[in-house]
Enquirer: 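One structure coming up, written as structure tokens, with questions to follow.
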Amino acid sequence: MPYYFVLGISGYRFRIITSFRNIFFECRIKACPCKIWISHPVVNYYICSGNHIHFTEMEKKVRVRFAPSPTGPLHMGGVRTALFNYLFARKHGGDFLLRIEDTDQNRYVPGAEEYIIESLKWCGLVPDEGVGFGGPFGPYRQSERKAIYRQYADQLIANGNAYYAFDSAEELDRLRREAEEKQQVFSYDQHTRLGLKNSLTLSSEEINRRIANGDPYVIRFKMPENTDVTETDLIRGSVTFNTAQLDDKVLFKSDGMPTYHLANVVDDHLMQITHVIRGEEWLSSMPLHILLYQALGWDETRPRFAHLPLILKPTGKGKLSKRDGDKMGFPVFPLLWTDPETGEVSRGYREDGYFPEAFINLLALLGWNAGNDQEFFSMDELIEHFSLDRVVKSGARFDPEKAKWFNRHYLQQKTAPELAVLFLPILNEKGILAPVEKVVRVVGLVKDRCEFVADLWGQSNYFFTAPESYDETTIRKKWKDDTSEKLQAIIEVFKSVSDWQAANIKERFSAFMNEKEWGFGVVMVPIRLALVGNSSGADLFDICELIGKDETIARIRKAIVAIRV
RNA sequence: GGCCCGUUCGUCUAGCGGUUAGGACGCCAGAUUUUCAUUCUGGUAGCAGGGGUUCGAUUCCCCUACGGGCUACCA
């Protein structure tokens with residue numbers, strides 16, 4: 001059994017917590033210049049130069065969990081929760097576990113669990129324990145832990161912290177509707193429970209009869225009356241709730257499964273979770289969870305809480321939802337997802353061409369910062385700098401533009417050969433077979449204009465196929481009456497270039513232009529138009545070299561014929 | 001409706017009683033470029049409002065407004 005000491009020495013007051021299972025020692029007093037260590041089997045302490053005895057705090061090994069419900073694809077907010085848990089665990093040398101919370105059989109979506117695991121892997125957030133990863137605290141799927149929850153519900157009934165409730169869903173619905181008609185809200189709580197059908201109001205004979213009869217019932221938490229529950233949230237600071245405002249939550253459902261609240265508390269305890277890091281939507285249930293730990297006798301070892309701010313829509317009201325992505329053209333899911341029911345497809349960051357490192361980086365900066373101007377972080381840097389007290393309290397609007405900017409950065413970091421490898425399959429798809437050396441050179445020339453690998457095609461297609469049409473605006477502005485004539489002359493110049501390399505072509509071309517005293521712009525834009533189809537693209541002579549002498553001349557000839565003023 | 005949380009440029013944020021309120025994305029302008037893009041330089045724009053506390057409030061307290069979350073035998 002865990003135990004603890006409270007010691008007050010030299011102005012410091014430390015709570016020493018330890019269990020025989022997980023102990024590690026960490027000196028928390030950085031300022032002390034002490035060099036002398038005196039070991040002790042349970043408590044570590046040292047004496048500083050001021051002859052004060054300092055006790056070091058001993059803590060349980062950090063263990064955190066990401067506990068999604070497999071009701072659909074993982075939302076990017078969920079990935080961020082997983083990320084912060086992961087970073088916290090790594091930062092403190094602890095464990096990161098994945099627990100699947102599937103206590104609601106009605107909402108189970110096939111494939112969701114696999115999707116969650118694949119998403120975490122793609123992001124590099126690999127759990128130390130959990131569904132799909134094994135570990136000593138399994139099983140990690142709550143549906144497989146069904147048998148262990150009932151005893152804790154019974155324990156709560158036995159010690160007076162819970163009770164049986166026989167009210168049917170229909171009866172409760174009716175009460176809610178009636179209250180609504182009177183502009184009120186029905187709540188199953190300390191104010192109403194004595195007027196309802198439960199083990200607090202029914203005789204023990206009646207209760208036994210109903211249970212023996214197999215009547216459906218739930219087990220509800222008996223919320224204490226009018227007491228303040230105060231907890232220091234690691235992100236938000238002190239938060240107080242009064243139990244008079246809280247309802248008697250169902251802990252155990254009539255189908256024999258626990259609700260989230262019971263299962264969550266029981267599992268966090270059994271799995272020795274030290275820190276619960278989750279979304280702000282759970283803040284309201286924190287007092288219930290704390291009261292549950294207390295009622296189960298686990299208060300001394302219960303985890304600390306940290307509630308993350310939510311990710312909000314880019315515009316408008318509310319938190320980010322699946323629809324926003326469809327409407328505004330960005331993914332809200334890490335991976336592509338096909339709804340098994342409707343067949344509806346939702347785009348994913350991976351399939352949209354985001355690099356996982358960019359995705360992680362942008363997620364990390366949504367609600368957290370290192371306290372300086374650094375914007376780019378590798379996973380290792382995130383682990384090094386991460387701290388819960390630098391997590392922002394307010395919700396963060398997601399900005400798809402900045403997301404792209406992050407990806408651009410990571411794309412620019414990659415070398416041309418690296419990107420060429422990723423580009424090759426796209427070229428293949430387009431039916432283009434090009435030598436790898438050429439693709440590498442092309443990528444090197446156009447990559448700085450790209451945010452995504454997929455942009456490479458749009459920026460470089462003219463290296464592989466001749467333009468089909470010519471930009472009208474450019475024609476109007478730059479294609480003069482004598483342009484054809486001049487291009488004919490240029491063709492002759494190009495023909496005379498023996499060593500077809502960008503530098504040589506440019507040299508011959510420039511010499512010719514100077515000799516004729518033609519303005520560069522007057523000729524170069526039309527050539528570009530002929531080679532590219534519009535007035536954009538890489539350096540003209542690089543294009544010439546890479547598409548080859550014959551192709552260059554052929555394209556110019558084709559343009560002369562096609563474009564008549 | 002009730003409870004809880006929040007509020008600094010359009011957006012993400014720094015700030016933890018005295019600052020010319022800093023950075024980033026976006027946007028705009030200039031430079032570079034034979035074009036487009038990149039790049040570089042510069043610019044634009046903010047403490048929700050009202051009361052306190054204080055010599056002094058973006059910063060601390062209260063109220064209001066606004067935003068968010070929860071209010072299921074869902075998580």
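As the structure is a prediction and not an experimental result, all values here were calculated from the model. A note on names: the letters A, B, ... follow the listed sequences, proteins ahead of strands, and every chain is numbered from 1. Reckoned from all heavy atoms, side chains included, excluding hydrogens, waters and symmetry mates.
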Enquirer: Taking the six-membered ring for Trp, are Tyr217(A) and Tyr164(A) closer than 6.0 Å centroid to centroid?
Expert: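 That pair passes the under 6.0 Å test.
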Enquirer: Select from Gln245(A) and Asp104(A) the residue whose nearest nucleotide in RNA chain B is closer to the 5' end of that strand.
Expert: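 On the 5' side of the pair lies Gln245(A).
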Enquirer: Are Phe452(A) and Tyr354(A) an aromatic pair, judged by ring center distance below 6.0 Å?
Expert: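 Yes: the rings meet the under 6.0 Å criterion.
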Enquirer: Could you state the CG-P distance from Asp539(A) to U39(B), rounded to the nearest angstrom?
Expert: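 Between P of U39(B) and CG of Asp539(A): 18 Å.
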Enquirer: May I ask you to say what Asn534(A) touches in the nucleic acid, namely base, sugar-phosphate or nothing, with a heavy-atom cut-off under 4.0 Å?
Expert: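 No contact at all - Asn534(A) keeps every heavy atom at 4.0 Å or more from the nucleic acid.
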Enquirer: Under 4.0 Å, counting only non-hydrogen atoms across every strand here, what does Ser187(A) touch: a base, just sugar-phosphate, or nothing?
Expert: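 No contact.
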Enquirer: Indicate whether any N or O donor in one side chain lies under 3.5 Å from an N or O acceptor in the other, for Asp228(A) and Thr240(A).
Expert: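 Side-chain D/A pair, Asp228(A) to Thr240(A): absent.
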Enquirer: Could you measure between the two C1' atoms, the one in C40(B) and the one in C4(B), and give it in whole Å?
Expert: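 The answer is 49 Å between these two C1' atoms.
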Enquirer: Report the base-pairing partner of U20(B) (Watson-Crick or G-U wobble, both distances below 3.5 angstrom), or none.
Expert: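 Matched U20(B) with nothing under the 3.5 Å cut-off.
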Enquirer: What interatomic distance, in whole Å, is found between C1' of A24(B) and the corresponding atom of G67(B)?
Expert: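 After rounding to an integer number of Å, I get 24 Å for this pair.
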Enquirer: Would you call the rings of Phe305(A) and His307(A) parallel, tilted or perpendicular if under 30° counts as parallel and over 60° as perpendicular?
Expert: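 Answer is parallel, since the angle falls under 30°.
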Enquirer: Apply salt bridge (Lys or Arg N to Asp or Glu O under 4.0 Å) to Arg174(A) and Glu178(A), showing your working.
Expert: CA-CA 6 Å; Arg174(A) 206 193 69 236; Glu178(A) 285 173 6; 3.2 Å; yes
Enquirer: When you match Asp448(A) and Gln142(A) each to their closest nucleotide on RNA chain B, which lands nearer the 5' end?
Expert: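 Nearest nucleotide further toward 5': that of Asp448(A).
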Enquirer: Check every strand shown and say whether Asp167(A) touches a base, only sugar-phosphate, or nothing at a heavy-atom separation below 4.0 Å.
Expert: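 It contacts base atoms.
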Enquirer: For Ser284(A), report the nucleic acid contact type (base, sugar-phosphate, nothing); a contact means any heavy atom under 4.0 Å.
Expert: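 Since a base atom lies under 4.0 Å of Ser284(A), the category is base.
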Enquirer: Please work out whether the ring planes of Phe376(A) and His409(A) are parallel, tilted or perpendicular, with thresholds of 30° and 60°.
Expert: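 Parallel: the ring planes of Phe376(A) and His409(A) meet at under 30°.
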Enquirer: Reckon Thr474(A) touches a base, only the sugar-phosphate, or nothing at all at heavy-atom distances under 4.0 Å?
Expert: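 Contact class for Thr474(A): none.
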Enquirer: Quick one: which of G22(B), U35(B), G26(B) gets closest to the side chain of Asp373(A)?
Expert: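 Within the option list, the nearest is G22(B).
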Enquirer: Using atom P in both nucleotides, what's the gap between C27(B) and U11(B) to the nearest angstrom?
Expert: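 Going atom to atom, P in each nucleotide, I get 16 Å.
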Enquirer: Identify whether any heavy atom of Val239(A) sits under 4.0 Å from a base atom; if not, whether one sits that close to sugar-phosphate; answer base, sugar-phosphate or nothing.
Expert: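 Sugar-phosphate: the residue Val239(A), judged by heavy atoms under 4.0 Å, touches backbone atoms but no base.
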Enquirer: Check the angle between the aromatic planes of Phe423(A) and Trp457(A) and answer parallel, tilted or perpendicular using the 30° and 60° thresholds.
Expert: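 Phe423(A) and Trp457(A): tilted rings.
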Enquirer: Whole angstroms only, please: what is the CG-P distance between Leu283(A) and C4(B)?
Expert: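 Interatomic distance, CG of Leu283(A) to P of C4(B): 11 Å.
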Enquirer: Measure the distance from CG on Asp247(A) to C1' on C70(B) and round it to the nearest whole Å.
Expert: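 Result: 10 Å.
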Enquirer: Just to be sure I understand the rule, does Leu540(A) reach a base, reach only the sugar-phosphate, or reach nothing, if contact means heavy atoms closer than 4.0 Å?
Expert: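 Base, at least one base heavy atom under 4.0 Å.
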Enquirer: Checking all strands, does Arg107(A) fall into the base, sugar-phosphate, or nothing category for heavy-atom contacts under 4.0 angstrom?
Expert: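 Result for Arg107(A) = base.
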Enquirer: Taking CZ from Phe305(A) and P from G69(B), how many angstroms apart are they, rounded to a whole number?
Expert: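 Interatomic distance, CZ of Phe305(A) to P of G69(B): 21 Å.
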Enquirer: Pick from Glu375(A), Gln374(A), Arg390(A), His385(A): which one makes a side chain to side chain donor-acceptor pair (under 3.5 Å) with Asn369(A)?
Expert: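 Among Glu375(A), Gln374(A), Arg390(A), His385(A), the one meeting side chain to side chain donor-acceptor pair (under 3.5 Å) with Asn369(A) is Arg390(A).
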Enquirer: Find out whether Thr201(A) and Leu196(A) are in side-chain contact, i.e. whether some heavy atom of one side chain is under 4.5 Å from a heavy atom of the other.
Expert: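 Side chain of Thr201(A) against side chain of Leu196(A), heavy atoms only: no contact under 4.5 Å found.
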Enquirer: For a quick test of reading the model: is some side-chain N or O of Arg236(A) closer than 4.0 Å to OP1 or OP2 of G6(B)?
Expert: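 So the side-chain polar atoms of Arg236(A) never come under 4.0 Å of the phosphate oxygens OP1 or OP2 of G6(B).
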Enquirer: At 4.0 Å (heavy atoms only), tell me whether Lys319(A) reaches a base, stays on the sugar-phosphate, or touches nothing.
Expert: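 Sugar-phosphate, backbone atoms only, no base.
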Enquirer: Given that both distances must come in under 3.5 Å, which nucleotide forms a Watson-Crick or G-U wobble pair with C28(B)?
Expert: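 Across all strands, the one nucleotide that pairs with C28(B) is G42(B).
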Enquirer: Rounding to a whole Å, what distance do you find between Phe252(A):CZ and A75(B):P?
Expert: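 Atom-to-atom, Phe252(A) to A75(B), this comes out as 12 Å.
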Enquirer: Check every strand shown and say whether Val250(A) touches a base, only sugar-phosphate, or nothing at a heavy-atom separation below 4.0 Å.
Expert: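 Sugar-phosphate, backbone atoms only, no base.
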Enquirer: For a quick check, tell me whether the side chain of Thr259(A) and the base of C73(B) share a donor-acceptor pair closer than 3.5 Å.
Expert: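 Check fails, no donor-acceptor contact within cut-off.
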Enquirer: How is Lys317(A) classified with respect to the nucleic acid when contacts are heavy atoms under 4.0 Å: base, sugar-phosphate, or nothing?
Expert: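 Result for Lys317(A) = sugar-phosphate.
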Enquirer: Starting the side chain at C-beta, find the nucleotide from C73(B), G1(B), U35(B) nearest to Val185(A).
Expert: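 It is G1(B).
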Enquirer: Using a 4.0 Å heavy-atom cut-off, does Ala67(A) contact any base of the nucleic acid, only the sugar-phosphate backbone, or nothing at all?
Expert: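 Result for Ala67(A) = nothing.
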Enquirer: For nucleotides U39(B) and A48(B), find the distance between their P atoms and express it as a whole number of Å.
Expert: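 Those two atoms are separated by 33 Å.
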Enquirer: Could you work out the separation of G50(B) and U38(B) based on their C1' atoms and round it to a whole Å?
Expert: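 50 Å, rounded to whole Å.
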Enquirer: Is there a side-chain contact between Lys313(A) and the phosphate of G67(B), meaning an N or O under 4.0 Å from OP1 or OP2?
Expert: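 Checking G67(B) against Lys313(A), no side-chain N or O comes under 4.0 Å of OP1 or OP2.
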Enquirer: Sticking with atom C1', work out how far U8(B) lies from A14(B), rounded to a whole angstrom.
Expert: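 My reading of the C1' atoms in U8(B) and A14(B) gives 10 Å.
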Enquirer: Rounding to a whole Å, what distance do you find between Lys182(A):NZ and G2(B):P?
Expert: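 Rounding to the nearest Å, NZ of Lys182(A) and P of G2(B) are 18 Å apart.
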Enquirer: With heavy atoms under 4.0 Å as the rule, sort Gly318(A) into base, sugar-phosphate or nothing.
Expert: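 Sugar-phosphate only.
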Enquirer: In terms of side-chain heavy atoms of Trp405(A), which of A75(B), C25(B), U34(B) is nearest?
Expert: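 My answer, after comparing the listed nucleotides, is C25(B).
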Enquirer: When both hydrogen-bonding distances must be under 3.5 Å and the geometry is Watson-Crick or G-U wobble, what is A14(B) paired with, if anything?
Expert: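 None - no nucleotide pairs with A14(B), as no candidate has both distances under 3.5 Å.
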Enquirer: For the side chain of Glu401(A), starting at C-beta, report the closest nucleotide among G26(B), G1(B), U35(B).
Expert: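 Of the options given, the side chain of Glu401(A) lies nearest G26(B).
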Enquirer: Can you tell me, in whole Å, how much space there is between the P of G42(B) and that of C25(B)?
Expert: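 After rounding to an integer number of Å, I get 13 Å for this pair.
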Enquirer: Need the pair for U58(B). Rule: Watson-Crick or G-U wobble, both distances under 3.5 Å, any strand; none if unpaired.
Expert: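 Pairing partner, where one exists within any strand: none, as none qualifies.
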Enquirer: Write down the partner of G67(B) under the Watson-Crick or G-U wobble criteria, each distance required to be under 3.5 Å.
Expert: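 Matched G67(B) with C5(B) under the 3.5 Å cut-off.
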Enquirer: With under 30° as parallel and over 60° as perpendicular, where do the rings of Tyr260(A) and His289(A) fit, or are they tilted in between?
Expert: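 Ring orientation, 0 to 90° scale: tilted.
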Enquirer: Distance check needed: C16(B) P versus Lys393(A) NZ, whole Å only.
Expert: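 It works out to 14 Å between those atoms.
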Enquirer: Measuring only between side-chain heavy atoms, which start at C-beta, is Asp542(A) closer than 4.5 Å to Arg441(A)?
Expert: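 Asp542(A) reaches Arg441(A) side chain to side chain.
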Enquirer: Hey, can you tell me if Tyr115(A) and Trp337(A) have their rings parallel, tilted or perpendicular (30° and 60° cut-offs)?
Expert: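 Tyr115(A) vs Trp337(A) ring planes: perpendicular.
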Enquirer: If the C1' atom of G6(B) is compared with that of C47(B), how far apart are they to the nearest Å?
Expert: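 Between the two C1' atoms, the distance is 15 Å.
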Enquirer: Measure from CG on Leu172(A) to C1' on U71(B) and round the result to the nearest Å.
Expert: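 The answer, rounded to whole Å, is 15 Å.
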Enquirer: Could you run down the sub-3.5 Å N/O contacts of the protein with nucleotides 11-13 of chain B?
Expert:
from	atom 1	to	atom 2	distance (Å)
C12(B)	OP1	Arg397(A)	N	2.9
C12(B)	O2'	Leu365(A)	O	3.3
U13(B)	OP1	Gly367(A)	N	3.1
U13(B)	O3'	Asn369(A)	ND2	2.9

Enquirer: For a quick check of understanding: with a heavy-atom distance under 4.0 Å over all strands, which category does Gly537(A) fall into, base, sugar-phosphate or nothing?
Expert: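 Base contact.
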